[in-house]
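Keep in mind it's a predicted model, so treat the numbers as computed, not measured.
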Amino acid sequence: MDNKKLAIFSIAVFVVSVLVFATTLYLVFFKAPASADSAPKKIDTYKYDLGDFSTNIGSSGRYFKGKIVIETTNKKTPKLIEQNVEPIRDHILSVLISQDIKTMMSENGIDNIKKDISKKVAEIIGSDDISNVYFTDYIIQ
């Protein structure tokens with residue numbers, strides 16, 4: 001009988017140990033802290049209006065006209081954008097001209113263009129502070 005009691009006791013200790021380990025793992029890695037200090041802080045953003053763009057879209061005979069605004073999280077970045085506005089505008093025009101109209105009009109078309117613009121602007125100004133690219137007004141005709 002002593003071996004049976006020892007086996008049951010060992011199994012019970014093992015099960016309790018697994019439960020303690022699983023609970024600790026959950027609390028450390030998966031549960032968000034519930035304190036008031038953990039509320040998301042508002043991040044200040046700064047915008048630079050690149051102005052109006054109008055160009056043809058590839059060889060489709062279609063036309064793009066719109067306004068683009070760059071948003072950043074660094075107060076100094078709009079000044080860097082202003083200092084490099086010509087290469088930035090040139091790249092944006094190149095991106096728009098090189099588009100396939102079907103791809104551009106697809107569900108992810110404009111999002112992919114925004115990502116490309118954001119990446120290239122960050123490369124041109126030497127900063128990773130670009131948080132978003134907005135097409136505040138556009139029409140494809």
Side-chain angles (χ1 to χ4, degrees), residues 2-141:
D2 287 329
N3 285 340
K4 218 178 207 185
K5 286 182 182 180
L6 182 61
I8 291 173
F9 179 75
S10 296
I11 291 172
V13 168
F14 176 75
V15 169
V16 169
S17 297
V18 168
L19 288 174
V20 168
F21 176 77
T23 303
T24 304
L25 185 68
Y26 173 76
L27 292 175
V28 170
F29 291 108
F30 300 110
K31 185 153 176 144
S35 68
D37 296 334
S38 67
K41 295 181 182 178
K42 185 178 183 290
I43 298 174
D44 291 334
T45 58
Y46 308 91
K47 294 176 179 62
Y48 186 86
D49 187 346
L50 287 168
D52 292 325
F53 289 82
S54 42
T55 186
N56 58 329
I57 302 171
S59 60
S60 67
R62 306 287 293 269
Y63 184 75
F64 172 89
K65 181 172 174 37
K67 193 172 188 174
I68 298 175
V69 175
I70 305 288
E71 182 182 61
T72 178
T73 56
N74 186 335
K75 189 176 185 176
K76 297 178 183 179
T77 303
K79 183 75 171 166
L80 293 171
I81 293 171
E82 185 176 350
Q83 292 170 353
N84 295 285
V85 72
E86 291 83 7
I88 292 170
R89 287 184 59 86
D90 179 64
H91 174 72
I92 292 171
L93 287 170
S94 296
V95 167
L96 294 171
I97 289 169
S98 68
Q99 292 300 308
D100 173 53
I101 193 68
K102 288 182 182 179
T103 305
M104 189 175 193
M105 299 292 284
S106 72
E107 185 175 319
N108 296 326
I110 293 294
D111 289 336
N112 290 336
I113 293 170
K114 287 179 179 183
K115 287 176 190 172
D116 186 23
I117 291 170
S118 177
K119 181 180 170 186
K120 188 62 176 184
V121 169
E123 183 182 309
I124 290 171
I125 65 173
S127 173
D128 289 334
D129 300 321
I130 306 301
S131 59
N132 212 335
V133 174
Y134 297 107
F135 284 79
T136 58
D137 180 29
Y138 77 90
I139 186 168
I140 297 173
Q141 196 170 8

Nearest heavy-atom pair of S54 and L93: which atoms, and what distance?
->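 Looks like O-CD2, 4.5 Å.
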Do you know the tightest heavy-atom contact between P78 and Y48?
->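 The pair with the smallest heavy-atom distance is O-CD1, 3.7 Å.
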Report the residue from V69, I88, I117 that forms a side chain to side chain contact (heavy atoms under 4.5 Å, CB included) with L50.
->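 Filter result, single survivor: I88.
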Sequence neighbours excluded - side chain to side chain donor-acceptor pair (under 3.5 Å) pairs with any residue from residues 79-93 |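 Non-adjacent pairs meeting side chain to side chain donor-acceptor pair (under 3.5 Å): zero.
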Beyond-backbone contact of N56 with I97, side-chain heavy atoms, under 4.5 angstrom |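 They are in contact (side-chain heavy atoms under 4.5 Å apart), so the answer is yes.
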Atom [atom1] of [X] with >12 non-hydrogen neighbours under 6.0 angstrom:
{"X": "F53", "atom1": "CZ", "value": "yes"}
{"X": "D100", "atom1": "CG", "value": "yes"}
{"X": "L25", "atom1": "CG", "value": "yes"}

Under 3.5 Å donor-acceptor, [X] side chain and [Y] backbone:
{"X": "S106", "Y": "T103", "value": "yes"}
{"X": "T23", "Y": "L19", "value": "yes"}
{"X": "S131", "Y": "E71", "value": "yes"}

Give me the ring orientation class for F64 and Y138: parallel if the planes are under 30° apart, tilted from 30 to 60°, perpendicular past 60°.
->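 Parallel: the ring planes of F64 and Y138 meet at under 30°.
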